[in-house]
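Bear in mind the structure is a predicted one, so any value in this text is a computation, not a measurement. Remember, it's 1-based here, ligands and their atoms both numbered in the order they're listed.
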Amino acid sequence: MVTTDKQPTLRSPRLTARVGLYLGVCVAICFLTGLISHFIQHPVDWFYWPTHPIWLYRVTQGLHVITGVAAIPLLLVKLAIVYPKLFERPVIGSPVRMIERLSIAVLVSAIIFQLATGLLNIAHWYPFKFFFTTTHYAMSYVAIGALLVHIAVKLPIIRNALDGPVDNDEPTDDGGEPTEPNESPMPEVSRGLSRRTVIRGTLAVTGVAALAFAGQTVPFLRWFAFLSPRSGEGPQGVPINRTAAAAGVTETAVAHDYALTVIGTRTRTFELTQLRALPQQTRDLPIACVEGWSAQGSWTGVVLRDLLDLVGADPSRDVRMISLERGGAYAVTTLPANFARDRATLIALQLGGERLSIDHGFPCRLIAPNRPGVLQTKWLSRIEVL
Ligand SMILES: Nc1nc2c(c(=O)[nH]1)N[C@H]1C(S)=C(S)[C@@H](COP(=O)(O)O)O[C@H]1N2
Ligand SMILES: [Mo]
């Protein structure tokens, strides 16, 4: 190993491999929790999602957003360390090397795409034309595939680089390419920075980013949620995602002839006074939005199972929830049979002991345990047993 600096160079596999490892862990957790969220929303036979523990989705989706956010500073640091290599000449080389470089190009673009679209979605800002969820889902396989190729190709270097303290001399194998002293001149600012300092700084920034977003889902970190768009503020202590005005239900929701239609083997309609006259239950259940925020509420209403029994519904059937909202992506949702059967699932009329506010879904809404917020249909108009 030839080096002119007294300080160990920052462009070192020792440093890259460590930052890469943290980034890899974040990306892996983000990918897996993303898959969970996807398959809850697009059910497939082999994926069973339970109703309990009631907070599980809150945790998986919280982790999805936290690890995604944490990956941003990690990715930036990693790119800052390796960027001269990204543009190395010649572009044409041995097949293995070309596959490696192609996989890196795909990897970097896919990860940037995932982190950027995820962040924009949290911010409710859609400057892109494509539909967020399908593209974000499809691209996750590209990112993970390219990541696995990258790790496989680099494994010997990674192993070597993770062996021993980060500020040790260079591992002998730098990808088979000898490092000439003049090959990657260090910028002035890097001289004197030890790799360990870089690692600590990176972890500190990553920690702050993660905490700032964790605050939107972990109650005792609420005060730290200065970066996240929704942090537990909202009527009745729960944030609002889509308002009644945005959903176009400000009139239909308060219409005097409102009635909830429930269709099983028979059809019944329930006016609001009739719903209130049925036995009421109170449950503490979270709204856990796909965007990573969540908040617990104390919901009171009719147990869905009781309502379904009144229309002679078969408990092995899924149930469709139809909102007064017209045409929104979440105006109609399907509740799997295990959720419809669970006595924690309510058609809620109240939140925090008060009548449901119109933005929380007045006259009534679905609230089920361990379910993505996006499927907790507000302003119910019909319930159909499938
Ligand atoms: N009809 C209808 N219900 C809906 C939505 C919607 O757009 N339309 N948004 C969902 C989303 S994304 C979330 S996170 C929860 C939020 O409920 P809240 O606004 O009462 O907190 O409502 C869900 N219910
Ligand atoms: Mo949501």
Side-chain angles (χ1 to χ4, degrees), residues 33-34 36-38 40-42 55 57-58 60-62 64-65 118-126 131-133 136 213 216-217 219 222 228-254 258 260 283-301 304 319-335 339 345-352 354-384:
T33 49
I36 290 175
S37 187
H38 177 85
I40 299 172
Q41 293 173 67
H42 303 89
W55 43 260
Y57 184 77
R58 195 177 183 184
T60 62
Q61 196 59 15
H64 181 71
V65 171
L119 208 57
L120 290 172
N121 184 59
I122 294 176
H124 284 199
W125 184 31
Y126 302 100
F131 185 53
F132 169 71
T133 50
H136 195 68
F213 276 79
Q216 61 180 344
T217 185
R222 286 268 188 256
S228 42
R230 282 163 207 79
S231 52
E233 298 303 311
Q236 303 173 313
V238 177
I240 301 285
N241 199 316
R242 195 169 167 78
T243 61
V249 298
T250 44
E251 277 159 35
T252 44
V254 296
Y258 171 82
L260 175 68
R283 306 265 187 265
D284 286 338
L285 294 172
I287 293 267
C289 183
V290 293
E291 292 151 25
W293 63 264
S294 62
Q296 183 103 333
S298 175
W299 309 86
T300 304
L304 174 63
V319 176
R320 183 173 291 150
M321 299 283 153
I322 302 167
S323 174
L324 291 168
E325 182 185 358
R326 292 277 155 263
Y330 308 112
V332 180
T333 58
T334 302
L335 186 72
F339 285 82
T345 301
L346 298 182
I347 299 305
L349 302 167
Q350 292 186 3
L351 173 55
E354 295 165 16
R355 204 189 77 172
L356 214 54
S357 83
I358 188 164
D359 288 332
H360 278 309
F362 178 87
C364 66
R365 76 169 306 159
L366 171 68
I367 184 81
N370 196 26
R371 192 155 166 78
V374 71
L375 301 175
Q376 309 274 32
T377 317
K378 303 197 273 192
W379 314 290
L380 285 174
S381 127
R382 285 159 79 88
I383 297 174
E384 294 176 2

_Given I367, T333, L335, the one that forms side-chain contact (heavy atoms from CB on, under 4.5 Å) with Q376_ = I367
*Is there a donor-acceptor contact under 3.5 Å from the side chain of T250 to the main chain of A245?*
no
Between ligand 1 and the protein, find all N/O pairs closer than 3.5 Å and give the distance for each.
| unit_1 | atom_1 | unit_2 | atom_2 | d |
| --- | --- | --- | --- | --- |
| ligand 1 | 1 (N) | S323 | OG | 3.2 |
| ligand 1 | 1 (N) | E325 | OE1 | 2.8 |
| ligand 1 | 1 (N) | K378 | O | 3.4 |
| ligand 1 | 3 (N) | K378 | N | 3.0 |
| ligand 1 | 8 (N) | E325 | OE1 | 2.6 |
| ligand 1 | 17 (O) | R365 | NH2 | 3.2 |
| ligand 1 | 19 (O) | N241 | N | 2.9 |
| ligand 1 | 19 (O) | K378 | NZ | 2.6 |
| ligand 1 | 20 (O) | H360 | ND1 | 2.6 |
| ligand 1 | 20 (O) | R365 | NH1 | 2.7 |
| ligand 1 | 21 (O) | P239 | O | 2.5 |
| ligand 1 | 22 (O) | R365 | NH2 | 3.4 |
| ligand 1 | 24 (N) | Q376 | O | 3.0 |

*Got a sec, which residues hit ring pair (Phe, Tyr, Trp, His ring centres under 6.0 Å) with H38, two or more places apart in sequence or on another chain?*
H42, Y137
*Listed by chain and number, what are the side-chain contact (heavy atoms from CB on, under 4.5 Å) partners of R242, not counting sequence neighbours?*
A246, A247, E325
*Contacts of type side-chain contact (heavy atoms from CB on, under 4.5 Å), residue R326, not counting sequence neighbours*: none
*Taking the side chain as every heavy atom from C-beta outward, state whether L380 and M321 have any atom pair closer than 4.5 Å.*
yes
